[in-house]
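First listed ligand is number 1; within each ligand, the first listed atom is number 1.
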Amino acid sequence: MTATFSFDLKATDGKARTGVINTPRGDIRTPAFMPVGTAATVKAMMPESVAATGADILLGNTYHLMLRPTAERIDRLGGLHQFMNWDKPILTDSGGFQVMSLSDLRKLTEEGVTFKSHIDGSRHHLTPERSMEIQKLLGSDIVMCFDECPALPADRKRIQESMELSMRWAQRSRDAFGDRPGHALFGIQQGGLEEDLRGRSAEALRAIEFDGYAVGGLAVGEGQEAMFKVLDFAPDQLPVDKPRYLMGVGKPDDIVGAVKRGIDMMDCVLPSRSGRTGQAFTRRGVVNIKNARHADDPRPLDAECTCPACSNYSRAYLHHVFRAQEMISGMLLTWHNLHYFQEIMAGMRTAIAAGAFADWEADFHAGRAKGDI
Ligand SMILES: Nc1cc(CSc2ncc[nH]2)c2nc(N)[nH]c(=O)c2c1
């Protein structure tokens with residue numbers, strides 16, 4: 001815990017890195033997985049349970065919180081940390097991505113985006129300046145630049161124009177963010193799958209100077225192979241001494257492949273969203289607990305897992321409460337999935353520090369069944 005924001009790189013193994021991001025609200029061990037708390041809650045989890053899984057930081061959403069309950073109301077109530085009873089770091093996304101994926105009647109101009117709320121149809125306007133204001137009102141520790149993430153597939157001209165707009169918005173975000181000791185502003189690299197466009201984006205962001213750099217514009221339908229091809233060059237285009245955040249990723253093997261290529265932070269709704277649908281991630285692969293074959297199975301989801309679901313309940317019980325649509329079903333499987341994702345991160349941090357990432361990765365992939373187990 002420090003009064004300022006800093007990144008301390010502890011060890012590397014190949015391109016993989018491990019370190020600590022120091023913030024006034026606590027340290028973030030990297031590589032880090034960030035659970036998503038979209039509407040000021042990690043769905044089906046109490047904040048103390050999220051902390052118990054090992055998470056050092058969670059995500060909030062400018063888009064959702066500006067619509068409901070509004071950033072001004074959260075500010076009046078003491079800010080997002082107090083509001084949601086989470087006193088560790090919070091990173092907030094800037095809103096543009098969610099506008100394009102969630103809202104109706106969107107209008108994109110140089111100034112920003114105008115859209116209708118997916119909740120009540122009310123009209124809203126987001127600009128780099130307004131996004132910075134909202135994230136400041138929320139009290140976010142790590143603020144994301146306001147960017148535009150083009151849906152793939154898109155032609156090169158569209159990707160170039162979109163990236164160039166995002167770089168102009170990055171400058172406006174920087175100018176509006178001002179000087180906030182202890183708070184960080186991260187730039188977001190765009191450029192689709194194009195190495196030269198991503199290089200230009202990285203140079204533009206370096207010139208503006210940020211506390212961290214996100215690889216944006218991925219995990220938008222391109223598939224793992226194409227994503228890894230970009231990750232084979234994109235992290236190296238970013239400053240080596242700042243945290244690198246891959247947005248919206250991913251499945252366990254996506255996460256391992258991204259860390260292997262130099263990524264320090266990731267976030268994804270997958271463990272929580274799939275936990276609510278009955279999909280459990282384990283070290284041997286995925287378990288769809290609603291499948292009838294678990295109805296009489298007395299074994300835990302994963303005998304090696306120490307989470308409450310695996311320590312105290314059988315597959316048969318989990319199967320039952322999912323079939324009965326009991327609330328405890330989503331709670332237990334979300335807790336298990338977030339716990340498992342943090343186990344993966346902790347395993348990689350230890351392996352990288354010991355120069356044993358390759359062995360850890362081989363063990364991670366060995367014994368992972370394809371499909372339901
Ligand atoms: N795949 C992906 C995911 C997200 C959402 S990350 C997130 N927000 C809230 C939760 N998680 C992105 N966000 C921004 N701002 N830019 C991107 O390019 C981008 C790409």
Side-chain angles (χ1 to χ4, degrees), residues 32-43 50 55 57-67 80 84 89-103 108 112-113 115 118 126-128 130-132 134-135 138 140 142-152 154 158-159 162-167 169-170 172-173 185-194 197-198 201-202 205 210 212-224 226-228 230-231 234 238 244-251 254-255 258 263 265-273 338 341:
F33 179 80
M34 303 183 283
V36 176
T38 299
T41 159
V42 177
K43 291 179 171 49
V50 176
I57 177 173
L58 60 75
L59 248 85
N61 244 314
T62 289
Y63 173 79
H64 294 79
L65 295 173
M66 72 182 278
L67 298 180
L80 185 56
M84 69 180 289
I90 294 176
L91 181 151
T92 46
D93 199 2
S94 46
F97 183 83
Q98 287 78 22
V99 167
M100 304 318 271
S101 54
L102 287 173
S103 68
L108 175 67
V113 288
F115 62 96
H118 72 287
L126 253 185
T127 64
R130 175 63 179 147
S131 177
M132 294 302 109
I134 290 172
Q135 296 181 75
L138 296 175
S140 166
I142 301 178
V143 169
M144 300 308 294
C145 276
F146 189 68
D147 66 329
E148 207 253 326
C149 171
L152 292 184
R158 162 86 180 99
I159 288 177
S162 172
M163 179 273 285
E164 289 166 350
L165 174 63
S166 286
M167 294 306 102
W169 283 358
R172 286 170 55 189
S173 299
L185 178 65
F186 278 24
I188 305 177
Q189 182 197 46
Q190 292 292 349
L193 309 181
E194 314 288 325
L197 296 182
R198 284 197 172 268
S201 177
L205 295 176
F210 290 101
Y213 296 81
V215 178
L218 292 178
V220 287
E222 74 281 359
Q224 187 184 79
M227 181 176 80
F228 281 172
V230 173
L231 293 177
L238 302 172
R244 298 155 175 173
Y245 163 28
L246 175 59
M247 304 187 86
V249 173
K251 300 192 307 299
D254 295 333
I255 288 171
I263 293 295
M265 305 160 76
M266 280 156 285
D267 86 276
C268 194
V269 293
L270 183 66
S272 36
R273 182 174 294 168
L338 290 176
F341 272 52

Novice: Taking only heavy atoms of Cys149 into account, list the atoms of ligand 1 that are under 4.0 Å away from them.
Specialist: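 It comes down to these atoms of ligand 1: 17 (C), 18 (O).
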Novice: Verify side chain to side chain contact (heavy atoms under 4.5 Å, CB included) between Tyr245 and Ile263, making sure each step is shown before the conclusion.
Specialist: CA-CA 6 Å; Tyr245 163 28; Ile263 293 295; over 6 Å; no
Novice: Enumerate the atoms of ligand 1 whose separation from the nearest heavy atom of Gly216 is less than 4.0 angstrom.
Specialist: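 Listed by number with element: 18 (O).
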Novice: Checking a contact table here: which protein heavy atom is nearest atom 16 (N) of ligand 1, and how many Å away?
Specialist: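 Going by distance alone, atom 16 (N) of ligand 1 is nearest to Asp147 OD2, 2.8 Å.
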Novice: Which atoms of ligand 1 have any heavy atom of Gly217 under 4.0 Å away?
Specialist: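 Those atoms are 17 (C), 18 (O), 20 (C).
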Novice: Can you find a pair of side-chain heavy atoms, one from Ser131 and one from Trp169, that are under 4.5 Å apart?
Specialist: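 No. Closest side-chain heavy atoms not under 4.5 Å.
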Novice: For Phe97 and Phe146, I'd like to know if the aromatic rings sit close, meaning centre-to-centre distance below 6.0 Å.
Specialist: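 Ring centres of Phe146 and Phe97 not closer than 6.0 Å.
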Novice: Just so I know, are the side chains of Arg273 and Val36 near enough to count as touching, which here means a heavy-atom distance under 4.5 Å?
Specialist: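 No, too far: nothing below the 4.5 Å cut-off.
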Novice: Rounded at 0.5 Å granularity, tell me how far CG in Leu238 sits from CZ in Arg198.
Specialist: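 CZ of Arg198 is found 9.0 Å from CG of Leu238.
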Novice: Between Leu218 and ligand 1, does any nitrogen or oxygen pair lie at a separation below 3.5 Å?
Specialist: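 Such a contact does occur with ligand 1.
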Novice: Using a strict cut-off of 4.0 Å, indicate which atoms of ligand 1 neighbour a heavy atom of Val36.
Specialist: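 In order of number, 10 (C).
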Novice: Write out the residue and atom name of the closest protein heavy atom to atom 20 (C) of ligand 1, then the distance separating them to 0.1 Å.
Specialist: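 The protein heavy atom lying closest is Phe97 CE1, 3.6 Å.
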Novice: To which of Asp267, Val269, Leu58 does the heavy atom nearest atom 6 (S) of ligand 1 belong?
Specialist: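 Checking each option, the heavy atom nearest atom 6 (S) of ligand 1 is found in Asp267.
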Novice: Could you verify whether a donor N or O on one side chain and an acceptor N or O on the other, from Ser201 and Gln190, lie under 3.5 Å apart?
Specialist: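 Distance-only check fails for Ser201 and Gln190.
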Novice: Out of all atoms in ligand 1, which are within 4.0 Å of some heavy atom of Ile188? Include the element for each.
Specialist: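 Per the distance check, 15 (N).
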Novice: Side chains of Asp93 and Thr62, heavy atoms from C-beta outward: is any pair under 4.5 Å?
Specialist: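 A side-chain contact is absent here, since even the closest heavy-atom pair is not under 4.5 Å.
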Novice: In terms of residue, atom name and distance, what is the protein heavy atom nearest to atom 5 (C) of ligand 1?
Specialist: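 Closest protein heavy atom to atom 5 (C) of ligand 1: Asp93 OD2, 3.2 Å.
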Novice: What I want to check is whether the side chains of Ser162 and Glu148 have a donor and an acceptor closer together than 3.5 Å.
Specialist: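 Their side chains do contain a donor-acceptor pair, which is all the 3.5 Å distance test asks for.
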Novice: Heavy atom under 4.0 Å from ligand 1: found in Gln190's side chain, backbone, both, or neither?
Specialist: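 Only the side chain of Gln190 comes within reach of ligand 1.
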Novice: Checking a contact table here: which protein heavy atom is nearest atom 9 (C) of ligand 1, and how many Å away?
Specialist: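 The protein heavy atom lying closest is Asn61 ND2, 3.3 Å.
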Novice: Starting from atom 10 (C) of ligand 1, what is the nearest protein heavy atom, named by residue and atom, and what distance separates them?
Specialist: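 Its nearest protein heavy-atom neighbour is Leu59 CD2, 3.3 Å.
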Novice: Evaluate the criterion ring-ring contact (aromatic ring centres under 6.0 Å, His included) for residue pair Phe210 and Phe186; output intermediate values, then yes/no.
Specialist: CA-CA 5 Å; Phe210 290 101; Phe186 278 24; 8.7 Å; no
